[in-house]
Amino acid sequence: MDQDGGVLPHHLQANLDENPWAGQGSVLLDIGGDVGALVVDMPIALVGHEVEIDPADGRDHPPHQHSHEHSHEHGHGHGHPHRAHVAVVPRRTPGGTRPSVVFPDLVEGGYRLYHPGTEDVALTVQVRGGEVTSATWPT
């Protein structure tokens, strides 16, 4: 149920069941050397959906984590290689609440992000080691 007592769509409830505190606090970023992070501002319509990412040049996938607040990999039967993914969650910012995804530990290089539930690339980004790269999801 949502905070108003209504029933949440299945994809939203599944993410809250796995990590009920997603988006409620700060995200720990362990960056430096050749490791950076990526923050993508997302449309509100995608809150609760998962965004997948993979390296654009075919190198190994991003590190494996275990929380929808962080990137992770596990079998979903999507018919493609396992990709790291995170859920779109609303996050508090000084300017108000904004939906976003955070990939906290990416090796420097190019990455492709996919429209939720598809093989369609929505965004390509270049992550630099020791930095937080910011991007905006295309509308």
Side-chain angles (χ1 to χ4, degrees):
M1 292 193 147
D2 66 15
Q3 62 189 21
D4 298 322
V7 176
L8 291 172
H10 178 0
H11 68 277
L12 293 175
Q13 188 59 53
N15 286 328
L16 288 176
D17 288 345
E18 184 170 331
N19 186 356
W21 296 280
Q24 299 300 310
S26 300
V27 176
L28 177 63
L29 301 177
D30 186 12
I31 62 174
D34 67 346
V35 176
L38 173 64
V39 177
V40 182
D41 289 332
M42 301 294 294
I44 196 153
L46 291 180
V47 168
H49 291 272
E50 292 183 348
V51 174
E52 295 182 326
I53 189 171
D54 70 5
D57 63 3
R59 68 189 184 284
D60 289 338
H61 293 280
H64 186 123
Q65 302 281 333
H66 282 286
S67 162
H68 276 93
E69 188 73 8
H70 301 290
S71 61
H72 70 279
E73 303 176 52
H74 56 85
H76 282 294
H78 294 304
H80 57 68
H82 296 290
R83 294 185 187 123
H85 58 270
V86 296
V88 178
V89 296
R91 298 181 192 280
R92 293 185 189 125
T93 69
T97 301
R98 295 172 51 179
S100 65
V101 294
V102 177
F103 291 94
D105 51 358
L106 299 174
V107 174
E108 183 171 282
Y111 288 88
R112 295 178 297 235
L113 287 82
Y114 295 83
H115 286 284
T118 75
E119 296 294 309
D120 300 330
V121 174
L123 181 65
T124 57
V125 296
Q126 189 69 30
V127 174
R128 295 181 57 168
E131 297 180 12
V132 176
T133 301
S134 297
T136 300
W137 193 259
T139 53

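All of these numbers come straight from a predicted model, not from anything done at the bench.
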Checklist entry - In Å and rounded to the nearest 0.5 Å, what is the OG1 to CZ distance from Thr124 to Arg112? => result 9.5 Å

Checklist outcome for this item: Correct closest heavy-atom pair for His115 and Ala122 would be NE2-CB, 3.3 Å

Checklist entry - Looking just at side-chain N and O atoms, do Arg98 and Thr93 make a donor-acceptor pair shorter than 3.5 Å? => result no

Next on the checklist: Contact between Phe103 and Val127 at the side-chain level, heavy atoms closer than 4.5 Å - yes or no?
Outcome noted: no

Item to check | Where Arg83 and Ile53 come nearest, the two heavy atoms and their spacing | outcome: CB-O, 3.5 Å

Next on the checklist: To the nearest 0.5 Å, what is the distance between CZ on Arg128 and CD1 on Ile31?
Outcome noted: 12.0 Å

Item to check | Val40 vs Val51 side-chain heavy atoms within contact, under 4.5 Å | outcome: no

Next on the checklist: Between Val86 and Val102, is the side chain to side chain contact (heavy atoms under 4.5 Å, CB included) condition met? List the steps.
Outcome noted: CA-CA 7 Å; Val86 296; Val102 177; over 6 Å; no

Item to check | Non-hydrogen atoms of Ala135 and Val125 that approach each other most closely | outcome: CB-CG1, 4.0 Å

Next on the checklist: Working to the nearest 0.5 angstrom, can you tell me the gap between Glu52 CD and Leu113 CG?
Outcome noted: 10.0 Å

Next on the checklist: Does Val101 form a side chain to side chain contact (heavy atoms under 4.5 Å, CB included) with Trp137? I'd like the steps, not just the answer.
Outcome noted: CA-CA 10 Å; Val101 294; Trp137 193 259; over 6 Å; no

Checklist entry - Taking all atoms of both residues into account, what is the closest heavy-atom pair of Val88 and Pro99, and its distance? => result CG1-CB, 4.0 Å

Checklist entry - Are Val89 and Tyr114 grouped together when hydrophobic residues (ILVMFWY) are joined by side-chain heavy atoms under 4.5 angstrom apart? => result no

Checklist entry - Does Leu38 share a hydrophobic cluster with Val35, counting links as ILVMFWY side-chain heavy atoms below 4.5 Å and allowing steps through other members? => result no

Next on the checklist: Quick check for you: to the nearest 0.5 Å, what is the distance between Asp54 atom CG and Tyr111 atom OH?
Outcome noted: 9.5 Å

